[in-house]
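Encoded as structure tokens, the structure appears first; notes follow it.
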Amino acid sequence: MTTTQPAPTGDDAAYLEGFDATIERGDRIEPRDWMPEGYRKTLVRQVAQHAHSEIIGMQPEGNWLTRAPSLRRKAILLAKVQDEAGHGLYLYSACETLGVSRDELTEMLIDGRQKYSSIFNYPTLSYADVGTIGWLVDGAAICNQVPLCRTSFGPYGRAMIRICKEESFHQRQGYELLMTMMRGTDEQRAMVQESVNRFWWPALMMFGPPDADSPNTAQSMAWGIKRNTNDDLRQRFVDMTVPQAKALGVTLPDPDLRWNEERGAHDFTQPDWDEFMQVVKGNGPCNTQRIAHRRKAWEDGAWVREAAMAYAAKSSAVAEGQEGAA
Ligand SMILES: [Fe+2]
Ligand SMILES: [Fe+2]
């Protein structure tokens with residue numbers, strides 16, 4: 001069948017109408033559908049940033065793999081860190097359907113043109129941090145990611161469904177580790193509290209700047225990419241975490257954190273947004289180390305990629321030769 005329809009170029013009005021109607025109905029946009037260039041660019045930025053966060057996020061916890069306190073803890077942590085690698089790979093694949101290659105994405109990460117979550121620029125100083133990251137960081141990730149299962153771009157939404165199932169295991173293993181430590185010695189309880197004190201504020205920053213300083217949120221919500229604002233998600237996270245902290249017996253390091261009867265939500269102190277901006281700009285405690293590590297892994301793996309490409313070229317040449325002979 002031939003089609004007389006012209007190839008879509010630019011923001012053609014008829015295509016835009018179809019696109020808007022799809023979003024309006026709550027249906028998914030798929031890779032071969034026409035989409036506004038701004039939508040494509042926003043998604044590439046967001047999905048790439050998400051993929052990079054999964055991959056860079058392996059480092060702070062990977063730091064403790066060889067020092068896990070027991071075989072059981074090591075098995076749990078290893079499974080969790082491997083899950084994060086899988087998340088990165090699904091998300092790079094989703095991003096590739098938007099017309100950008102994984103090689104390009106990795107290069108944009110290591111030369112600083114694309115970002116990853118600010119949280120992974122903080123160090124892991126004790127084994128309690130493994131628990132705190134699972135509880136607070138994966139907990140915050142769940143708040144962010146559950147609504148993304150309904151995001152308007154098909155490959156991203158479908159990747160998120162599987163990722164969210166694994167994130168809830170991550171959150172639980174962290175909580176269970178902290179609960180075990182809280183039932184231990186005074187020294188273990190102090191380790192947990194010290195870790196929570198360090199990670200509470202960076203965890204609040206994971207939702208991004210306050211809505212008033214988040215200029216892209218409105219457009220992302222209109223396109224159905226984002227489903228909730230940063231402040232809504234942060235509030236949801238605080239409300240979810242307070243009773244869990246109580247059950248654990250840890251104190252969240254915010255003296256002004258309290259239930260507001262009128263709002264039906266907790267009031268809490270905002271994190272230090274100047275610190276957030278510094279970390280985003282590359283001046284956090286571990287930015288240089290994280291990127292240097294990723295760059296080295298990328299360079300060390302070059303021969304594997306070259307060998308795989310050579311093998312693929314050779315295999316397809318052999319297949320073509322067989323076809324020609326038949
Ligand atoms: Fe993940
Ligand atoms: Fe996770």
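Counting convention: from 1, in listed order, for ligands and their atoms alike. The basis for the numbers below is simple: all heavy atoms, side chains too, and nothing from hydrogens, waters or symmetry mates. The model shown is predicted, which means the values in this text are computed figures rather than measured ones.
- Clustering ILVMFWY residues whenever any of their side-chain heavy atoms sit less than 4.5 angstrom apart, transitively, puts F169 in a cluster other than the one holding L91.
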### Task
Determine, stepwise, if the pair S195 / D129 fulfils side-chain hydrogen bond (donor to acceptor under 3.5 Å, both in side chains).
CA-CA 6 Å; S195 171; D129 289 357; 2.6 Å; yes

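- H87 contributes ND1 as its N, O or S atom closest to the Fe ion (ligand 1).
- At most 12 non-hydrogen atoms from other residues, nucleotides or ligands lie less than 6.0 angstrom from CZ of R32.
- Residues L109 and L89 do not share a hydrophobic cluster, defined by chaining ILVMFWY side chains whose heavy atoms lie under 4.5 Å apart.
- For the Fe ion (ligand 2), the N/O/S atoms of D138 include one lying under 2.8 Å.
- When distances from the Fe ion (ligand 1) to the N, O or S atoms of E54 are compared, OE1 comes out shortest.
- Stacking of R67 on the aromatic ring of W64 is recorded, both the 6.0 Å distance cut-off and the 45° axial limit being met.
- Between E167 atom OE2 and E84 atom OE1, the angle centred on the Fe ion (ligand 1) amounts to 130° (nearest 10°).
- Residue-level check: among N/O/S atoms of H170, ND1 sits closest to the Fe ion (ligand 2).
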